[in-house]
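Model, not experiment: these values are computed from the prediction.
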Amino acid sequence: MTYELWYWNGIPGRGEFVRLALEAGGIPYRDRARESGTLAPDLVADMCADRDSPPFAPPYLVAGDMTISQTANILLFLGERHGLAPGDQAGRLWINQIQLTIADMVAEAHDVHHPIASGLYYEEQKTEALRRAGDFRGQRMPKFLGYFERVLARRGNWVGGGHRWTYADLSLYHLVDGLLYAFPRRMTTLARGHPGVMALHARVGGLPELQAYLGSGRRLPWGDGIFRHYRELDGD
């Protein structure tokens, strides 16, 4: 089966968590919104099509008769079907738990630059964003990264504790990559106290399964989206 992935074109966003799993797993898929001739209204039209299980928003994955939305839900499906997660129930739930925790931090990272409303421009909420950024850098980033550091200290090279990566390892890589882009000064400071997290970021970035993708034009650059760099929101 060749899956159809739908996500907004032009930004890595939450769709990138799914792409990394598909690419590293060697799973055939079509990145529908990025295909030639496909425009944003086409994505909206497909999303609003008559389905028994309609998605609320991208990303969503069309797998035969199924439409699966929500990043963690898509990855739970791919992890079980394609061996990107442990084979036992406890292991699959654990990897899903890590993925959901990553999703929590992703949401907070987004809300740093859009703390009032997603529909407002950053410039319309800069005062609130400055306050939110200070708390995120000072309290939330160390708390989340400290948790992942503890997990890796106990589990070893991979969050699943085995000898092979899982989709949660790929997602943690993407999360750290986004934080390095959005908060380079703060991450320089935090990296010293989180060697396990940074080592995982380097391990995933060096996976043979990902080299063709990471070195290609299909890997979208950072810019607008969840992770945005505003110098005034960063700090040591």
With a 4.5 Å limit on heavy-atom distance, are the side chains of Val18 and Thr71 in contact?
yes
Do Arg218 and Glu23 meet the salt-bridge criterion of a basic N to acidic O distance under 4.0 Å?
yes
For Tyr213, enumerate each residue passing the ring pair (Phe, Tyr, Trp, His ring centres under 6.0 Å) test, keeping only those at least two apart in sequence or located in another chain.
none
Parallel, tilted or perpendicular, judged at 30° and 60°: which one describes the rings of Tyr60 and Trp6?
parallel
Any salt bridge between Arg219 and Asp177, counting N to O under 4.0 Å?
yes
Out of curiosity, does Ile27 fall in the hydrophobic cluster containing Leu170 (side-chain heavy atoms, cut-off under 4.5 Å, transitive links)?
yes
Thr101 versus Asp104, side-chain donor and acceptor atoms under 3.5 Å
no
One thing to verify: whether Glu123 and Lys126 come together as a salt bridge, which I'm taking to mean a side-chain N less than 4.0 angstrom from a carboxylate O.
no
What is the ring orientation for His174 with Phe17, classed by angle as parallel under 30°, tilted 30 to 60°, or perpendicular over 60°?
perpendicular
Check whether Trp8 forms a cation-pi arrangement with Arg34 (NZ or CZ under 6.0 Å from the six-membered ring centre, at most 45° off the ring normal).
no
Heavy-atom distance under 4.5 Å between the side chains of Phe183 and Phe227, does that happen here?
no
Do the side chains of Asp31 and Arg19 get close enough for a salt bridge, i.e. N-O under 4.0 angstrom?
yes
Find out whether the Lys NZ or Arg CZ of Arg228 is both under 6.0 angstrom from the six-membered ring centre of Trp222 and within 45° of the ring's axis.
no
Please identify which of these residues, Arg131, His113, Met141, meets the side-chain contact (heavy atoms from CB on, under 4.5 Å) condition with Phe136.
Met141
Taking only residues two or more places apart in sequence or in another chain, which ones pass side chain to side chain contact (heavy atoms under 4.5 Å, CB included) with Gln125?
His114, Pro115, Ile116, Leu120, Glu128
Is Arg185 paired with Asp236 through a side-chain N to carboxylate O contact shorter than 4.0 Å?
yes
Would you call Asp46 and Arg51 a salt bridge, taking side-chain N to carboxylate O under 4.0 Å as the test?
yes
